There are 2 protein chains.
Amino acid sequence: MTTATRDSTGLSTTEFAVLGLLSFGPRSGYELKKAAEAGVGYVWTAAKSHVYGVLPRLVEGGFATTRRVTQERRPDKQVYRITRKGRRAFQEWLEAPIEERGARSPFLLKVFFGGLMRNEVLAAHIEQKRAEVVRELEEYREIEGRIRDDPQSYFGYVTLRWGLTQARAWIRWADEILRELGERP
Amino acid sequence: MTTATRDSTGLSTTEFAVLGLLSFGPRSGYELKKAAEAGVGYVWTAAKSHVYGVLPRLVEGGFATTRRVTQERRPDKQVYRITRKGRRAFQEWLEAPIEERGARSPFLLKVFFGGLMRNEVLAAHIEQKRAEVVRELEEYREIEGRIRDDPQSYFGYVTLRWGLTQARAWIRWADEILRELGERP
DNA sequence: GGCGGATTAGTCCTGAGCGGACTATATTGG
DNA sequence: CCAATATAGTCCGCTCAGGACTAATCCGCC
């Protein structure tokens, strides 16, 4: 079993995410960041500094090429294009078995230590979380309306439906626990 | 808005997780790691090297004290005890508003790029994931049987029920998508 | 009785990844 | 007209992950 973050090709998950976006066409670091925010960012996030750090490494490894594009009304930009080697590596990664990483939720961490805080504080945290999830759910439903019948977005829609299912599960859980906390002394 | 990882007291979430465990009694690095695996680790993980790195910093900041315990039949150990300042900081953190971090699921990342792989490969990934979640679900149900009527474990049980709800939602999602992929050309 | 593997306890190193500060110019909104 | 936002990117310091390594003792099994 290799690392959770590094593959046999020696690339990290973030590098593959970037390659995946580049497979739709050449992009600059800035454009990649924007594109991520609008789509894949819902399931894989990376800091701006991180994607800028990753790009030169992809070029070094022969997974992408780059050229400077001079612009007149905007700052110049460095545009990256995926290579055949890059596509091959991405393809292999897609088919490789998946290793998920451990859960890390500050929210659930606080719930776990719920016995060390007043009941009302915990309830407030859960209500807050519930409200956030409700907002998320609305956002997802809005996106759903826009992409549900667009065959181009089918796989985005599949991940979106994961979000919808999870959000509804969150709300059910929150309601159940809030009711229970309300009945407690 | 301060950092997502660092609080106003200057501590990271992992440091608070450690403080939380220390609030149940003095522990060595090794014991903390073990304790985490059996409980809080389901919602917050940290590498061994990380908890060993965090402990001296807690002492430096006055959140914990430490003393060497010499043992005869085992290697000596360094035991850490939470201080009043540590408890206060932990308490404050518990009550502070929560910032969740961005989602990072290699699995969903692959699903997002599902259009770039053969249908059967994607289906295999989802089946694999489903099987893992079913195993998790069984594990959770087993734990549930052990702690459901123990009032000491109430808040652990609350987080466990989150796991149960999410696992069931995962399975529903997987079944729905697998059916759909099966009907596709 | 002895061997191998797990357990106890910890150190150290490399690299991934995060968030924020900073620079600079150009466009847009009030 | 001025402030805010958008475009495009660099850099720093920190958190965090994983694996390699040491070293002794305990346990199971043949």
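Since we're looking at a predicted model, the values are computed, not measured. Chain identifiers are assigned alphabetically (A, B, ...) following the order of the sequence lines, protein sequences preceding nucleic acid strands; residue numbering begins at 1 within each chain. Excluded from the calculations below are hydrogen atoms, water molecules and symmetry mates; all remaining heavy atoms, backbone and side chain alike, are included.
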- Item | Interatomic distance, B:L55 CG vs D:dC16 P [rounded to whole Å] | 13 Å
Throw together a table of side-chain donor-acceptor distances under 3.5 angstrom for residues 42-54 of chain B, partners on residues two or more places apart or in other chains.
residue, atom, partner, partner atom, Å
B:Y42, OH, B:E139, OE2, 2.5
B:W44, NE1, B:T14, OG1, 3.2
B:Y52, OH, B:Y30, N, 3.3

- Would you please confirm or rule out a distance under 4.0 Å between OP1 or OP2 of D:dT10 and any side-chain N or O of A:Y52? no
- Message: OP1 or OP2 of C:dG17 versus the side-chain N and O atoms of A:S12: is any pair under 4.0 Å?
- Response: yes
- Query: Rounding to a whole Å, what distance do you find between A:E60:CD and C:dG15:C1'?
  - Reply: 14 Å
- Query: Has the side chain of B:K48 got a donor or acceptor atom sitting under 3.5 Å from an opposite partner on the base of D:dG18?
  - Reply: no
- Task: Run the salt-bridge test on B:K77 and B:E31 with the 4.0 Å N-O cut-off and return the result as yes or no.
- Result: yes
- Query: Under 4.5 Å between side-chain heavy atoms, hopping through other hydrophobics if needed: is there a path connecting B:V59 to B:V69?
  - Reply: no
- Item | Spacing between B:H50 atom NE2 and C:dC18 atom C1', to the nearest angstrom | 13 Å
- Message: Would you say A:R57 places a side-chain N or O within less than 4.0 Å of OP1 or OP2 belonging to C:dG15?
- Response: no
- Using whole Å, report how far CZ of A:R101 lies from P of D:dG18. 7 Å
- Message: If the test is side chain to side chain contact (heavy atoms under 4.5 Å, CB included), which one of A:E142, A:Q166, A:R168, A:E132 qualifies with A:L137?
- Response: A:R168
- Query: Got a sec? Which of residues 66-82 of chain A come in under 4.0 Å of DNA chain C, heavy atoms?
  - Reply: A:R73
- May I have the distance from B:R27 (atom CZ) to C:dG10 (atom C1'), rounded to whole angstrom? 18 Å
- Message: If you compare every side-chain N and O of B:S49 against the phosphate oxygens of D:dA17 (OP1, OP2), does one of them come in below 4.0 Å?
- Response: no
- Verify the contact: side-chain N or O of A:Y30 to OP1 or OP2 of D:dT7, cut-off strictly under 4.0 Å; return yes or no. yes
- Query: Just how far, in rounded Å, is P of C:dG15 from CD of A:E15?
  - Reply: 12 Å
- Message: Applying salt bridge (Lys or Arg N to Asp or Glu O under 4.0 Å), can you list everything that pairs with B:E60, at least two apart in sequence or on another chain?
- Response: none
- Query: Can we say B:E100 and A:R104 salt-bridge, meaning some charged N sits less than 4.0 Å from an Asp/Glu carboxylate O?
  - Reply: no
- Measure from NZ on A:K33 to P on D:dT7 and round the result to the nearest Å. 14 Å
- Would the A:F90 and A:F63 ring centres measure less than 6.0 Å apart? no
